[in-house]
Structures are given as structure tokens and as C-alpha cells.
**Student:** 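I'd like to ask you about the structure that follows.
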Amino acid sequence: MMAAAQAGAQVTNDMISKDSATTNDVLSSGLGTQGQRYSPLTDVNAKSINKLVPVWSMSFGGEKQRGQQSQPLIHGGKMFVTASYSRIFALDAKTGKKLWKYEHRLPEGIMPCCDVINRGAALFDNLVIFGTLDAQLVALDQNTGKVVWREKIDDYSAGYSYTAAPLIADGLLLTGLSGGEFGVVGRVEARDPKTGKMVWVRPVVEGHMGYKDGKENGISGTTNATWPGDTWKTGGAAPWLGGTYDAKTGLAYFGTGNPGPWNSHLRKGDNLFSTSTVAIDVKSGQIKWHYQNTPNDGWDYDGVNEFVTFDMDGKRMGGKADRNGYFYVNDATTGKLVNAFPFVTKTTWANGIDLKTGRPNFVPENRPGDPTGSGGDGNKGKSVFAAPGFLGGKNQMPMAYSPKTNLFYVPSNEWGMEIWNEPVTYKKGAAFLGAGFTIRPLYDDYIGSMRAVNPKTGKIEWEVKNEAPLWGGVLVAGDLVFWGTPEGYLKAADAKTGKVVWQFQTGSGIVAPPITWKEGNDQYVSVVSGWGGAVPLWGGEVAKKVNFLEQGGSVWTFKLMK
Ligand SMILES: [Ca+2]
Ligand SMILES: [Ca+2]
């Protein structure tokens with residue numbers, strides 16, 4: 001009855017704020033804007049899961065495949081799912097029947113750094129809103145697929161693009177942007193989701209002016225405090241993975257990418273607010289606090305990974321599994337560092353994080369050298385082996401948190417890289433790295449590892465190793481953890497013990513997070529399948545190991561056989 005009553009109902013801010021508790025829909029990326037990716041549904045459990053079978057599969061079709069990283073949304077009996085090359089589909093959620101499709105017309109010369117992927121849409125009112133590889137936002141009517149509004153984020157020919165799922169926070173549409181490898185200037189923008197009209201802009205590179213309602217709203221930080229000379233003007237810090245929002249704190253949490261260029265000797269200083277978690281007051285558009293995971297990042301340890309709020313010791317905290325290999329727990333209201341520990345086996349760049357100062361204990365000899373300094377020949381600085389490599393202890397694939405077990409489920413990877421610096425100058429639309437690299441595995445038998453992480457003790461409670469690097473996200477549904485592998489399997493394990501209780505081969509690699517919902521008497525599980533993303537493009541020695549994997553592009557949906 002609940003589902004029938006809500007079919008066709010418009011998505012309100014109130015519905016989005018309750019998304020994590022309402023099991024008949026999935027209205028936001030993260031199954032709730034906190035990003036816990038937890039569902040209380042328990043029909044599918046360790047006892048019943050041997051009856052979990054596919055009910056439909058739908059192909060994205062065409063000749064366009066490559067990486068499929070989208071999390072589907074469910075509302076009013078419809079599934080909204082994005083696909084590679086800036087496509088979005090509406091399907092009948094029970095049968096997989098296609099209702100409509102929108103294919104964004106992409107210009108020649110788009111510059112996505114890390115495959116032509118998209119991570120999903122946002123729902124608001126009668127609209128479904130997603131971003132495109134040419135850095136636009138498109139809002140479509142949920143019922144017809146007709147374009148209602150379209151807004152340009154920035155100039156794709158300068159390296160800007162968009163791949164994240166937009167976030168609805170307190171009735172506003174919040175987006176970051178991509179382009180951190182091109183010296184863009186990272187910022188978070190808030191729009192009216194019904195019209196696309198800008199409400200506020202908050203740059204996340206120190207020195208740049210913010211705006212609200214068309215008026216100046218203060219500079220972010222203090223110009224030149226942490227950036228020398230003009231380096232802040234091409235400072236990067238792209239919040240390309242989007243953000244999370246917690247109504248309890250009123251703050252939106254955006255992770256920011258690497259400072260530009262990668263060569264850290266060209267921008268001595270902390271380079272705020274790059275490689276940080278930035279907490280923005282949604283009402284004022286001001287930065288309430290920031291915490292920098294990797295000051296003066298010299299390894300492309302983008303700090304973009306999701307900040308997932310949860311309760312610990314009676315306080316609202318946030319957990320983040322950073323690319324740099326450390327798991328951080330910060331007070332969600334103040335940003336104060338509460339705990340930090342490695343969640344991978346090797347971190348060469350720092351010997352731990354000082355909980356008093358909040359700063360890493362750097363290992364100076366493991367920073368890639370200055371090409372113009374001692375040990376450099378002017379063209380190439382001292383090469384170092386760094387772990388994790390820049391693809392990270394964890395990359396874009398979202399983790400999950402269970403309030404039942406109080407554990408985070410982190411899709412992690414064990415790899416390193418040779419990295420060296422080179423001279424570079426900024427040129428619009430050209431890669432702004434000043435570094436060379438080769439990614440290498442650390443171990444012969446595995447790269448990926450699904451890890452259950454205790455945020456309080458820092459203990460890894462269990463792990464399930466995987467030969468290929470994990471690149472999809474995680475779902476906790478009741479007492480089960482679901483995740484996909486590049487080898488094509490959707491897997492489920494006991495959330496307490498890590499015992500794998502089920503797996504299904506989807507026919508291509510999974511690099512997207514699963515979802516679950518209930519309609520009528522049936523609990524459904526869905527996941528997008530389609531191998532690609534950054535690993536085959538940037539993975540060096542690892543890419544050679546996984547080049548046998550086939551591309552694809554489909555959604556699979558499962559339920560319990562009667
Ligand atoms: Ca829901
Ligand atoms: Ca980067």
C-alpha cells in the first residue's frame with residue numbers, strides 16, 4: 001500500500017531526509033545523504049540468500065561501454081540509472097522494462113581524467129538531475145525524460161567535467177566538479193534544484209572569493225597563507241566525488257582532490273583546502289571547518305573520499321578511508337581529529353598521524369624529489385617507491401557503515417608506485433602534473449581486500465581478499481555486506497564474520513555500489529555491471545594484470561525465489 005500511495009508522488013526534502021529509514025525507495029546516493037549505505041531490510045539474510053536469483057537484467061546497449069560506476073535510484077516504482085558517456089535511463093523497477101532514455105550530446109574534446117563514467121543522479125520534486133562529462137547539469141522530468149533545465153558548471157575545454165552523483169541537502173542541489181589534473185579551481189556550488197539557479201558558490205582553494213545570491217560572500221581562507229605566489233590560481237582541489245550531508249549538523253562534507261600540480265616542490269606550503277574534508281554550512285555557504293588529510297600532497301592522494309557520519313561514544317562523528325592509506329575519525333560538528341590509523345598494510349609517506357596536532361608524521365626521504373634540487377638533474381627529480389600508489393588505499397568506490405555492528409566496510413587495495421617529479425608550467429586544457437609514475441602491486445596473490453574496520457580501535461575485524469583491485473562500492477543490508485568485483489561477481493558476506501555466503505557472476509566487472517529496497521513483499525537487490533574506470537587507464541603493471549577482463553554495461557536485479 002505504501003508503495004502504491006507513493007507512486008508518482010513528488011520527492012520532497014523531508015522524504016530525502018528520511019531516505020535511510022524508508023525501505024521502499026532509494027532517493028539518494030548513499031541510501032541516505034549521510035552515505036552509510038545501510039538498509040535495515042533483513043528478508044535477504046544468511047539463511048535465505050541461497051534463494052537470491054536474478055529477476056531481470058537490462059543492457060545499456062549501443063557501442064558505448066567502458067566503466068559503469070552508477071548507483072541506481074528507486075522512486076515510485078521506477079529505477080533511474082546513469083551510464084557511461086553521460087546517459088541516463090528510467091526503468092520499471094520490477095521488470096526492467098525501459099521507460100525512457102536520455103543521451104547527452106557530448107562535444108569533441110571532453111577531458112575526463114579517469115574514464116567516461118558517471119556515478120548516479122539525484123531526485124527532487126518531479127525531477128531527476130545528473131551531471132555530464134562536458135561539465136553540465138541536466139534536470140529531466142521523471143515521467144517523460146524531457147529536459148526541464150540545463151546549466152553549465154564550467155568550460156570543458158579547460159579540463160572541467162562532472163561525474164559525481166549530485167547531493168540534495170536542505171532543499172539545495174550541491175555539486176562539486178572534476179578536473180584536478182588540469183589545474184582547475186575546485187569549488188562547491190548550491191543551486192535551486194527546481195530551476196538550476198545558483199544560490200551560493202564556495203571555492204575550496206584558499207584565496208578565491210565565494211558568492212551568495214549573486215553577492216560576494218567572503219574569500220575562502222587567507223590569500224597566500226598556504227600557497228606561494230600565484231600558485232593558488234591553478235590550485236586544483238577538485239571535489240570530484242561529490243559530498244555527504246548530515247541534517248543533525250547542518251553541514252555538507254566534501255572531500256577535495258590533489259593540489260595542482262602534482263610536483264609538490266612547486267607549491268611549498270600546506271595548500272589549503274586541497275586533500276581535505278571541508279565542512280560547509282549549507283545555509284550560509286561558508287566553510288565551518290576543514291581537516292587536511294595530506295598537507296602539501298606530493299603523491300596525488302586526493303582527499304575526495306566520502307566522509308560518512310555515524311554515532312560513536314554518544315557523539316556525531318565522521319569516518320573517512322583516505323587514498324593515503326589512513327582511516328580518519330573526526331568530530332562531525334567541529335572537525336577535531338578523534339582517531340586515525342592505517343587500513344592498508346603499507347604507508348611509506350608517513351609514520352602515523354599525530355592525534356594531538358592532527359598532522360601526519362611525514363617520512364621526508366620518501367617524498368618524490370625536486371627536479372631542480374639536490375639529486376635532481378633539472379628534468380627529473382629523485383624517484384621513490386610510494387605506498388599506497390596514487391590509486392589509493394581506497395579510491396572512489398564508496399564504503400558502508402552498519403549501526404548494528406558499528407563497523408565500516410572498506411573496499412581497499414594494496415599497491416604502490418614509482419613516482420618522480422618533473423618541471424611543469426600551467427597551460428589551459430593541458431595535464432598539470434609535473435610527475436611521472438608506474439603503479440605496481442605489492443603482493444602476488446591479491447590487490448583488493450574488503451575490510452571490516454573498527455573506527456574506535458583501528459582493528460581490521462575481518463577481510464576478504466580479491467585478486468583484482470576492488471573498484472565497486474559496498475552495501476550493508478541487515479546482517480549482510482554486498483560488494484562487486486572486477487572479476488564480475490556480486491558477493492555477499494556475513495557482516496560480523498566476513499564469511500562469503502553468496503556470489504553471482506554478472507558477465508562483466510563490477511565497479512559500482514549495490515542497492516536494496518522492498519516493494520510489496522519482495523526485497524530487491526540491484527547492481528550495475530561494466531568493467532572500466534581508472535585502473536585500466538592508469539594502472540601501469542596492475543592494468544597489465546587485469547587486461548583480460550571484458551567491458552559491459554547492464555543493470556542486474558535480484559530477489560528471493562518463492
Ligand atoms: Ca529510502
Ligand atoms: Ca587527482
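First listed ligand is number 1; within each ligand, the first listed atom is number 1.
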**Student:** Tell me which N, O or S atom of D300 sits nearest to the Ca ion (ligand 2).
**Tutor:**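 When I compare the N, O and S atoms of D300, OD1 is nearest to the Ca ion (ligand 2).
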**Student:** Give a yes or no on whether a salt bridge exists between D92 and K78, defined as a side-chain N under 4.0 angstrom from a carboxylate O.
**Tutor:**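 No, no charged N to carboxylate O under 4.0 Å.
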**Student:** So which pairs with a foot in residues 425-435 pass side-chain hydrogen bond (donor to acceptor under 3.5 Å, both in side chains), sequence neighbours left out?
**Tutor:**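 Sorted pair list: D155-K428.
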**Student:** Do the charged groups of E414 and K346 touch, with an N to O distance under 4.0 Å?
**Tutor:**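 The answer is no: the pair does not qualify as a salt bridge.
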**Student:** At less than 3.0 Å, how many protein N/O/S atoms surround the Ca ion (ligand 1)? Leave waters out.
**Tutor:**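 Count of protein N, O, S atoms less than 3.0 Å from the Ca ion (ligand 1): 6.
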**Student:** Does the distance from a Lys or Arg side-chain N to an Asp or Glu carboxylate O, for K394 and E306, drop under 4.0 Å?
**Tutor:**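 Here K394 pairs with E306 in a salt bridge, since their nearest N and O are under 4.0 Å apart.
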**Student:** Would you please name every residue forming a ring-ring contact (aromatic ring centres under 6.0 Å, His included) with F437, sequence neighbours left out?
**Tutor:**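 W262, F390, W538.
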**Student:** Taking only residues two or more places apart in sequence, or in another chain, which ones meet H290 in a ring-ring contact (aromatic ring centres under 6.0 Å, His included)?
**Tutor:**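 ring-ring contact (aromatic ring centres under 6.0 Å, His included) check on H290 returns F273.
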**Student:** Counting C-beta onward and ignoring hydrogens, is there a side-chain heavy-atom pair between H208 and W232 closer than 4.5 Å?
**Tutor:**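 Sidechains of W232 and H208: in contact.
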**Student:** For E181, what is the atom name of its N, O or S atom nearest to the Ca ion (ligand 2)?
**Tutor:**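 Minimum-distance N/O/S atom of E181 relative to the Ca ion (ligand 2) is OE2.
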**Student:** Report the name of the N/O/S atom of D302 located nearest to the Ca ion (ligand 2).
**Tutor:**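 Going by distance to the Ca ion (ligand 2), the closest N, O or S atom in D302 is OD1.
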